[in-house]
Structures are given as structure tokens and as C-alpha cells.
Amino acid sequence: MTSFLSILTQYFGFSSFRGIQQDIIESIGAGKDTLGLMPTGGGKSITFQVPALAQEGLCLVISPLIALMKDQVTHLRAKGIKATAVYTGMSRDEVIVALENCIFGNYKFLYVAPERLSSELFQAKLRRMRVSFITVDEAHCISQWGYDFRPSYTQIAQIRKLLPGVPVLALTATATPAVVEDIQRQLGFREFNVKRMSFERKNLIYSVMKIRQSPEQELHELLIRVPGSAIVYTRSRLSTRELAAWLVAQGISATHYHAGLTNREKNERAEAWQRGKVRVMVATNAFGMGIDKSDVRLIVHVDVPDSPEAYFQEAGRAGRDGKEAHAVLLYDSHSVATLHRRIEDTYPPEEYVKKVYEDVCYFLQLAMGDGYGITREFNLEEFCHSFRHFPVRAYNALQLLSRAGYIEWADAEENRSRVMMKCHREELYSFHLPPLMDKVLQHLLRTCTGIFSEYAYIEEEEIAHALKLAENVVSEQLVELSRRHIMDFIPRKFIPYITFTQRRIEQEDIVLPPSVYANRKHELSQRIQTIIGYLQTPECRSRYLLAYFGEKEAKDCKHCDNCMERNVLPTIDEAYVRQRILTFVKEQRPTSFLQFHFADIPDSVVGRVLHEMMEEEEIELSPASEAKPS
Ligand code: ADP
Ligand code: MG
């Protein structure tokens, strides 16, 4: 067996393991059920990829994030490692191809979305695979006490039964002590075995600030005080755009990001920011997973997040290089009330949830007793409009109905288009295709490796861009190639739908079990209490967060706002203030102190510097001076 270290160097190009990576790898490598706890960005992927490559067989990876899954598959394939993925939205043919490859094709990694685990097709194929071990990424999703419980994760226990003797590696970045225990229990660990790394981030300076005027002003000042790359988190898609535009108008380089952008926009913006071409990324929580920039100096939260787990992960994206970095949480006098309201929005009254069920049935014209297994297109916006529902609450009601098993609801989880060749390579020469079609085909053959044996993701927009064609022209060629049975083209779908998993019943008969409603609502309110506590605590902020994650022995960080008992952000650069004043005098010819007002510099600072400059006779203000001929 090749050593773990040589695999790390050969495939990943790193010279040594980081933190507890090696401990985790040796533990799972020795066949022991293992739970690895490492902070985000700690390098969890290596801990299953390296041991999987060191052994015979296939590593089954369960992950809830389709985008991340596709991303990892792409990266592994680029290294010449055979990897594939199975998730919702793939056609049956595609799934079969992927799974057969895992049985016969000597594949090393099969990524599956948890909701696939219960499918009979999947289970039947899985029995025939030679699995080395199971990796459960984001393992906290299996625990109802966690902040991101996903019922489909509970299927993993069943999967273990199909693969007797196969060990499991669970990985997570956020787990309170109760969750750590629960994960191991739920996954049926033969022996409890946790490899834990301290979550302390010594170079990260936490502070909490009350918004004095507006979030924009605070943000602007922060960005002037802390130079370098930054991420600003906000909860609404709209405000990502507005804030970024506002910053740009102030002369600060910024862009925005949220889940509603096209893949191309997302990639371009993430890359511009990653390469330092754009300084500030204003984003929703959709930004961050899989992002790996080491020199982020500042993370600002303009809205208070609703869990300490989420806050810790997002704040933790600053200062990966070990140099000083700031995590600032802004709040205002409404923040606490807003947080409480989020509990009510996420878990609206049961009567309301039942009403939504009833309304959906009317909307889709489903008669009583009808509906078992029926799938219908469902547009949430239209629904809310016709039935006068408040979108956030209706959305959450649908989530609850879906968790309680009454419906399956796929929100507009965008899935990419994909293609696979349906002919042999040799046949290609005999086709004599029209030039445009040939151009598109040749492009695919050049850019998608393995397209003869498996489906490859494509993006029409990208192909259009590369070939200088219109996007609809590219789509037409793909459809035509598919019609001629040269390839199978599965266009992306944006259509959200609802499937009824039971017959329509009377709304009074709807039951939301505690595991779906009461318990979870209680946990959410506890997390919200913890975050409110974070805002209000007079103690060390780092210690407060670490205690929540079970590190009770942590020491004061000695540099957060509470430890220092003052504002801990760097002071504004005086040279910058002087420059602004000089420019202002030159351009505006002010006649009084009162005219000096800069959006980004506190008036007190302007006043002090102005005073100094007058003393030094660097500037002079008087109506007379203006009148003086020079
Ligand atoms: P996590 O899943 O824990 O958030 P990832 O597995 O995505 O983290 O890894 C984060 C980053 O750390 C990646 O860019 C990865 O290449 C890098 N990394 C992981 N292990 C090492 C190592 N031993 N040496 C250097 N970089 C590493
Ligand atoms: Mg990860």
C-alpha cells in the first residue's frame, strides 16, 4: 500500500498533513468508525480522499450540497481520478450509467445526495459495489439537535446494514457536545471515536457594533479602517446588490453574489474576488462553501445570522493565512425583535401550515382523496399571489409539509444541462453534420473528457461564449444532435414542482410530529437565544463561541472588543483623512467648518485632523481668503 503522505503529495501537491488530518486518516485507514471535527477550511476533504486512494474499492460519499459535490467530482476527474455523482434531477439513464460505472469501472468515489439513499435502484446497485468505506460529509445533518437537520440523512443507518463491516467516516465543522454524541449514535458507531481539533482561531478578532446611522455608513467606515479583502454577509439577495452598488459609488471595489445568479455570473464573480481583482464580496450565505481564499481580512455581518454555527463558519473565512483579521457583527435596536420573529416565520402556527396545504390542493385542483404520486408544476410566487400568502411563511409551511411527508417539494434547485455520447467514437466520421452542429459537437469532444462513458455537465452559455454563437443556437444544435441519437442531451430544468406522496386528506388530519415541528422550533429558539447572548455578553467573544461548541476550557482571546473594553478596529489612516480634506478644500472652497462632512469618516475624526491642519497652517479657511486674488 502506498503511504498516505505520498498520495497527498502525488495527487494533491501538498507536502505535509495539516492539524489532525493524519489522525483521522490513520483511524479510518485502520477500519475504525471515526468522527472528525475540524473547522471549515481545515481540510476535511483530504481526510477521506487520501485513505480512499490508498485502498482498493470505492468510497461512498454522502453530501447534502449538490454544487459542492459536482465541484469535487470535477476536481477529482481533473486529477485523473475516477469519480461520479448521483443526485436528484438526474434521469434514470444517467443514474444507471453512473452506478454501473461504480460496479464495473474501477471508480474510486461515488458522491450521493442523501435523498437518493432510499431508492431501490440505488440500493440494488450498491449491494454489488465494492465499498472501502462510507464518508458522511456535513455529518451534523443527521442530528435533530443540529442546526441543519435533514431527515434523509437518517437513511444512512439503513445503508450501513447493506454494507456489513464497512467503516464510516463522519465529518463536520460544527457540532455541539450533544450533536457529537448523537451523530455517532445515529450512524451506529461500533465504538465512539472522535478526532477533534480545537476551533480556536487565535488571529481572528471578534467585535460586535451597534449601527449608529446606517449599515452603509458603518460598512464604509469598516472598509476604510481594515484594508484588504473582505466579505459582507447580508440575508437578502436584493441588499447584496444594493450594498455592492452603494460601495462602488463610494469608490470601493465590490461585487455581489447570491443563489439566484447564473452559474456563469457566480463563477466569474467568485473568481474576480478570489484573485483580488475585486476587493469586497457582498453576499448571502450562498457564498462561502468551497471558497478558499487565505488573505481575507474582514468579515462583516450586516444582519444577525440565526445560529452561532452559521456565524462561526462565516466569520471563520477571515484570516486563514494566520494573520490578523476581523469579524464584525453589526446590529441595531430592532435586531433582537427580528431574531424572535424569525422563529415565527420559520415555524408558522400549525393552523397556518394546514391552511397552506389546503390552498395548495385548491391551487393544483386536486380533489379530496386524489393525488397519490401526482407531480405538478408549482410556482410559489403565483401561489402566494393568488392565495395572498406571505412568501417567507408559505415557503416554510411547504418545507414543514414536505418534512412531515405529505408532499415532496423541489424548489428551483437549478440543475445543469448534461450530455453523453450515444454512438461510438469511430462512427463520428460517417455523420456529415451541418457545420454549426459539427462545431458544437467538436467543442464538446474537446472539452468534456469521458463523455463516451458518462454524462458530463455542460453550460450552454459557456459553449456559446467560446464558439461566439448565440445561446439559443447552441441549444438548438444540442437538441438536434440528441434527436439524431448521436448524443443524449438533458436540458437543465428550472421548473419547481410538487409531488403528492399521499392522497389529499382533510386539513384537520394533517399531523406535524414533534420531530418535524415542536422539537425543532425549540432548538431554533435556543440557537437564537445563543446568538442574542453573543450580542449581549460582556465576556470574551471567542470564549463564548467556543463554550457553545463544547470547549469549556478556552481562555480569553485578549483581543476582542470585550477583552479590550474598546473598539478594536484599526484607527482610520490619518494620511487618508488629510488627503480627503485637501481635495475637498481645493474642489469645494469651503468657507466654514460645518461644510466638512464625509460619509466615510466620523465627524469627530474630521474635526481633529482639520484642527491640526489649521494649526500647521496647511489649510486656511475664511471667506476673505477665497476673495483674495492669488
Ligand atoms: P473543509 O471541508 O474542512 O472546509 P476543504 O477540504 O475544502 O476544507 O479544504 C480547504 C482547503 O485546504 C483546500 O483548498 C485544500 O486544498 C486545502 N488543504 C487541505 N489539506 C491541506 C494540506 N495538508 N496542506 C495544504 N493545504 C491543504
Ligand atoms: Mg468540506
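Counting starts at 1 for both ligands and their atoms, in listed order.
- Near Ile46, meaning under 4.0 Å from any of its heavy atoms, are these atoms of ligand 1: 19 (C), 20 (N).
- Note on ring orientation: taking the six-membered ring where Trp is involved, the planes of Phe199 and Phe549 are tilted (angle from 30° to 60°).
- Not counting sequence neighbours, Lys555 has no partner by the side-chain contact (heavy atoms from CB on, under 4.5 Å) test.
- A salt bridge links Lys293 with Asp295: the distance from a Lys NZ or Arg NE/NH1/NH2 to an Asp or Glu carboxylate oxygen falls below 4.0 Å.
- When Glu138, Lys44, Gln22, Met38 are ranked by how near their heavy atoms come to atom 1 (P) of ligand 1, first place goes to Lys44.
- Residue Ser16 touches ligand 1 through its backbone alone, judged by heavy-atom distances below 4.0 Å.
- Using bins of under 30°, 30° to 60° and over 60° for the plane-to-plane angle, the ring pair Phe189/Phe192 lands in the perpendicular bin.
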>> Applying ring-ring contact (aromatic ring centres under 6.0 Å, His included) to Tyr257 and Trp273, what does each step give before you reach the verdict?
In response: CA-CA 11 Å; Tyr257 188 107; Trp273 176 81; 9.5 Å; no

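- Distances below 4.0 Å separate heavy atoms of Pro39 from the following atoms of ligand 1: 3 (O).
- Here Asp561 pairs with Arg541 in a salt bridge; the nearest charged N to carboxylate O distance falls below 4.0 Å.
- Contact annotation for Phe14 and ligand 1: only side-chain heavy atoms (C-beta onward) come within less than 4.0 Å of the ligand.
- Taking any N or O of Leu8, backbone or side chain, none lies under 3.5 Å from an N or O belonging to ligand 1.
- Every atom of ligand 1 with a heavy atom of Ser45 under 4.0 Å away is listed here by number and element: 2 (O), 5 (P), 6 (O), 7 (O).
- The atoms of ligand 1 that sit less than 4.0 Å from any heavy atom of Phe17 are 23 (N).
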